[in-house]
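Following: one structure in structure tokens, then a few remarks.
Numbering of ligands and ligand atoms starts at 1, following listing order. This is a predicted model, so every value here is computed, not measured.
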Amino acid sequence: MKTLLTEDQLRDGVQRLAKEIVEFYEGRPLTIVGILTGSVVVLADLIRELNMPLRVGVVQARSYHGATTERGELIINADLMPDIKDRDVLLVDDIFDTGHTLVEVVAKMRELQPRSVRSLVLFRKEGRQQVQHEPDFVGFRIPDEFVVGYGLDYEDAYRHLRYLASLEEAEITNHLLEGESGGR
Ligand code: IMP
Ligand code: MG
């Protein structure tokens, strides 16, 4: 694994984002909604940097890969959401890749009639987007590599790493082979 961003760099980035948010909302109450599961680490670090009236919620988005669909259908579960009607909402996700997740969750939020919906992503993978939408706040622009750590997973592993690392193709293959032989 190759470290792309260290713990210190991530902390600085989160603090910079927090400053931008506080300045942007100018003391108005905000509802932050993290998209599960990848956003849990940045969510926990970010909210503790926000000195402003704040409510916190989560929404679950996961893709269901059917046999016929190339791109998995996205299932959004908003049951865990606080009431956002007439509120300023900031969606938080770990990474902006094709962009489909964020676009669909933003659309889902709009159905609940908030006052405003904006979005924040900690990482934006360069050159991968398939949508017009751009997140309002971006932490880091990163190259088109598969990354893990600081909330991001490969098959639900590595989320707890304090840094961001890129996972080489060989490592992914090895991991799959280990899984097949029942290792660990
Ligand atoms: P999008 O809908 O293509 O923008 O994908 C967003 C979701 O895909 C993220 O919330 C992540 O869960 C996952 N994802 C995209 N790229 C990576 C990566 O490099 N590592 C781990 N997860 C990723
Ligand atoms: Mg994920």
Side-chain angles (χ1 to χ4, degrees), residues 1-7 9-10 13-14 17 21 31-47 56-66 68-81 89-111 117-176 178-179:
M1 271 198 259
K2 187 179 86 201
T3 302
L4 276 188
L5 291 165
T6 64
E7 189 177 352
Q9 288 173 312
L10 290 167
V14 170
L17 285 169
I21 294 167
T31 302
I32 283 212
V33 176
I35 303 177
L36 294 177
T37 303
S39 75
V40 292
V41 178
V42 60
L43 187 67
D45 284 347
L46 182 66
I47 59 178
V56 180
V58 288
V59 62
Q60 185 187 34
R62 62 193 172 86
S63 38
Y64 169 81
H65 291 278
T68 53
T69 47
E70 192 181 298
R71 182 164 61 83
E73 181 197 347
L74 196 73
I75 300 170
I76 300 170
N77 178 358
D79 291 352
L80 303 168
M81 285 266 305
V89 173
L90 179 63
L91 276 170
V92 173
D93 205 1
D94 51 0
I95 192 165
F96 193 63
D97 185 23
T98 65
H100 289 292
T101 303
L102 202 56
V103 164
E104 292 191 34
V105 178
V106 166
K108 180 80 179 180
M109 293 299 104
R110 293 229 160 95
E111 289 172 17
V117 184
R118 291 193 169 77
S119 57
L120 176 152
V121 295
L122 186 58
F123 308 114
R124 181 190 192 282
K125 230 191 252 187
E126 296 298 89
R128 291 271 304 163
Q129 286 68 44
Q130 301 174 356
V131 297
Q132 292 303 318
H133 181 92
E134 272 299 318
D136 300 279
F137 303 91
V138 175
F140 299 90
R141 292 170 188 274
I142 62 166
D144 180 9
E145 291 172 24
F146 193 84
V147 290
V148 295
Y150 204 75
L152 288 144
D153 72 304
Y154 174 64
E155 309 226 316
D156 283 309
Y158 308 116
R159 288 196 201 275
H160 62 300
L161 301 181
R162 291 174 175 273
Y163 51 89
L164 187 77
S166 68
L167 204 60
E168 314 283 332
E169 206 145 335
E171 296 172 296
I172 296 176
T173 315
N174 284 340
H175 177 97
L176 289 175
E178 269 172 40

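- At least one heavy atom of Lys125 lies less than 4.0 angstrom from ligand 1.
- Not a single donor-acceptor pair under 3.5 Å links the side chain of Gln130 to the backbone N or O of His100.
- Interface atoms of ligand 1 facing Thr101, defined by a heavy-atom separation under 4.0 Å, are 1 (P), 2 (O), 5 (O), 6 (C).
- A donor-acceptor contact closer than 3.5 angstrom is absent between the side chains of Tyr150 and Asp94.
- Judged as a side chain to side chain contact (heavy atoms under 4.5 Å, CB included), and not counting sequence neighbours, the contacts of Asp156 are Asp153, Arg159.
- The option from Leu152, Leu167, Val147 that lies nearest to atom 20 (N) of ligand 1, judged by heavy atoms, is Val147.
- Using a cut-off of 4.0 Å between Lys/Arg side-chain N and Asp/Glu carboxylate O, Glu126 and Arg128 are scored as not salt-bridged.
- By the 4.5 Å heavy-atom criterion applied to side chains, Val147 and Ile95 are counted as neighbours.
- Taking the charged nitrogens against the carboxylate oxygens, Lys125 and Glu145 have no contact shorter than 4.0 Å, which rules out a salt bridge.
- The minimum heavy-atom distance between Leu36 and Gln60, with the atom names listed, is CB-CA, 4.1 Å.
- Residue Ile95 has at least one heavy-atom neighbour below 4.0 Å for each of these atoms of ligand 1: 6 (C), 9 (C), 11 (C), 14 (N), 15 (C), 16 (N), 23 (C).
- Listed by atom number, the atoms of ligand 1 under 4.0 Å from Glu145 heavy atoms are 19 (O).
- Close contacts of ligand 1 with Asp94, meaning ligand atoms under 4.0 Å from a residue heavy atom, involve 9 (C), 10 (O), 11 (C), 12 (O).
- At a heavy-atom distance under 4.0 Å, only side-chain atoms of Asp93, from C-beta outward, approach ligand 1.
- For Gly38, the closest heavy-atom approach to ligand 1 does not fall below 4.0 Å.
- Atom numbering of ligand 1 starts at 1 in the shown order; those under 4.0 Å from a heavy atom of Gly99 are 1 (P), 3 (O), 4 (O).
- If you run side chain to side chain contact (heavy atoms under 4.5 Å, CB included) between Leu164 and each of Phe123, Tyr158, Phe140, only Phe123 comes through.
- Neither the backbone nor the side chain of Ile35 has any atom closer than 4.0 Å to an atom of ligand 1 (non-hydrogen atoms only).
- In Arg128, neither the side chain nor the backbone holds a heavy atom less than 4.0 Å from any atom of ligand 1.
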